[in-house]
Amino acid sequence: MGFLLQDWSTGNPHIAMSWFARIEQACAAFIERTFAKTFPSDLEPAQIARKLVTTMETRTRGDDGHMLAPGSYLVYVNPDDFARLAEHRAYLEREWGELLRDMAARVGVYFFDGGPNVEMVSRESIPAGLADVMVASDVTISIPNAPALTPPKRFHLRMMKGVPAYGVYFIDKSATIGRSEESDIFLVDPSVSRNHAVLEISGGAVEVEDLNSTNGTFVNGERIAGKRRVVSGDVLTFGNTQMRLEARE
């Protein structure tokens, strides 16, 4: 079954082939090379990799001419499987994320929070040899008889001027910003330094720090030196790229 996608250049809808039909060969080769020979077990990381791609596929949505996918995923496994894979956990989480990034790039999908991020979690209710994959934003934590708490604010940067023209980048504790592909928020802007700035969240407050960039970091049009506290609604400028800080409960 294919997706009904919009041809944003002509305005005419067209039926696109299923992701698996388009990337089957590449996905299979990646999984074989990365997981299948290294982890010959009842619960193979290759099996989890395919579930991750399927979850990303089913949760991708169109918005303002772009296809956007969730950026954070949770992989629930039985405690016995978790213990067996724990030694390789960091490697697996990184490789699963790289697989999602590669598959998304092949079909022109963006991750709305700058992901993808994958975390493996132990859960008693999952049978041994099986795995359950969920989008992190769908998971809620319930504590019996716990007092009602005001959830902490979460922050993101919304692209106002730059490439891509549309983008929302969620910030978890801190985020580096720059032209380096290693940056948490990678900006395709030649006026941005490779390591341009960093945002840090602590106690609900947000600070931006310029990292001795060539063209400077600006808050509401004012160039900063070192750190500056910023609030929701402030416009941050890195080179020729403008982004607005926004908060949500």
Side-chain angles (χ1 to χ4, degrees), residues 19 23 27 30-31 34-35 43 45-64 66-77 81-82 85-86 88-123 125-126 130-143 149 151-159 164 166-177 181-187 198-202 204 206 232 243 245-249:
W19 284 16
I23 64 178
C27 184
F30 183 97
I31 290 172
T34 308
F35 301 123
L43 177 63
Q47 170 190 345
I48 294 174
R50 287 193 175 278
K51 284 194 173 186
L52 281 163
V53 174
T54 300
T55 301
M56 181 178 71
E57 175 188 18
T58 57
R59 294 298 299 275
T60 294
R61 298 290 182 268
D63 188 3
D64 291 345
H66 295 284
M67 296 299 291
L68 301 177
S72 296
Y73 301 81
L74 297 173
V75 176
Y76 292 104
V77 300
D81 289 317
F82 184 89
L85 298 174
H88 307 283
R89 180 181 178 186
Y91 166 79
L92 289 170
E93 291 174 343
R94 182 178 66 252
E95 292 300 324
W96 285 327
E98 287 301 316
L99 171 63
L100 293 181
R101 191 188 312 277
D102 183 60
M103 297 300 101
R106 292 175 182 271
V107 290
V109 167
Y110 295 91
F111 292 98
F112 65 73
D113 58 357
N117 300 302
V118 180
E119 180 181 357
M120 186 170 63
V121 180
S122 174
R123 174 170 282 185
S125 59
I126 303 297
L130 298 179
D132 190 16
V133 174
M134 296 186 67
V135 173
S137 60
D138 293 342
V139 178
T140 58
I141 300 175
S142 177
I143 304 176
L149 299 175
K153 288 184 178 180
R154 299 183 64 191
F155 294 90
H156 59 262
L157 288 175
R158 184 180 299 274
M159 183 73 75
Y166 173 88
V168 176
Y169 303 87
F170 290 82
I171 306 164
D172 182 16
K173 296 183 180 179
S174 67
T176 56
I177 301 165
E181 293 184 3
E182 302 301 319
S183 299
D184 297 318
I185 300 177
F186 169 48
L187 299 179
V198 61
L199 278 174
E200 294 185 345
I201 301 175
S202 178
V206 184
S232 180
M243 312 178 85
L245 180 69
E246 297 180 352
R248 70 197 191 286
E249 298 295 337

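Note that the coordinates shown come from a computational prediction; the quantities given were computed from them, not determined experimentally. Just so you know, these numbers use all the heavy atoms, side chains as well, and skip hydrogens, waters and symmetry mates.
Interatomic distance, CZ of R101 versus CD of E95, reported as 11.5 Å (0.5 Å rounding). The CD atom of Q47 sits 6.5 Å away from the CG atom of L130 when rounded to the nearest 0.5 Å. Remark: Y169 OH to E246 CD distance equals 13.5 Å, nearest 0.5 Å. Expressed to the nearest 0.5 Å, how far OG of S232 lies from CG of L245 amounts to 5.5 Å. Note that the CZ atom of R154 and the CG atom of D172 stand 7.0 Å from one another [nearest 0.5 Å].
Remark: of the listed residues V168, I185, L199, I185 is the sole one forming a side chain to side chain contact (heavy atoms under 4.5 Å, CB included) with M243.
When all heavy atoms of M56 and A104 are compared, the pair lying nearest together is CE-N, 4.1 Å. Counting all heavy atoms, side chain and backbone alike, P116 lies closest to G97 at CG-O, 3.2 Å.
Residues L68 and T60 fail the side-chain proximity criterion, which asks for heavy atoms closer than 4.5 Å. Side-chain contact between V198 and I177 is absent, with no heavy-atom pair separated by less than 4.5 Å. Contact of the M120 side chain with the V77 side chain is registered, since non-hydrogen atoms from C-beta on lie closer than 4.5 Å. E181 has its side chain within reach of F186: a pair of non-hydrogen atoms, C-beta onward, lies under 4.5 Å apart.
Judged as a side chain to side chain contact (heavy atoms under 4.5 Å, CB included), and not counting sequence neighbours, the contacts of D132 are Y76, I126, M134. By the side chain to side chain contact (heavy atoms under 4.5 Å, CB included) test, S122 is found to be paired with P79, F82, residues two or more places apart in sequence or in another chain being considered. Residues satisfying the side chain to side chain donor-acceptor pair (under 3.5 Å) test with T176, not counting sequence neighbours, are D184. In this structure, the side chain to side chain contact (heavy atoms under 4.5 Å, CB included) partners of L52, at least two apart in sequence or on a different chain, are I48, Y73, V75, W96, L100, V118, V133. Checked against side chain to side chain donor-acceptor pair (under 3.5 Å), R94 has no partners two or more places apart in sequence or in another chain. For the side chain to side chain contact (heavy atoms under 4.5 Å, CB included) test, residues two or more places apart in sequence or in another chain that qualify with E119 are L74, R89, E93, V121.
In this structure a side-chain-to-backbone donor-acceptor pair under 3.5 Å is present from K51 to A131.
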**Study point:** side-chain contact (heavy atoms from CB on, under 4.5 Å) between L187 and M159, worked out
**Key:** CA-CA 10 Å; L187 299 179; M159 183 73 75; 4.1 Å; yes
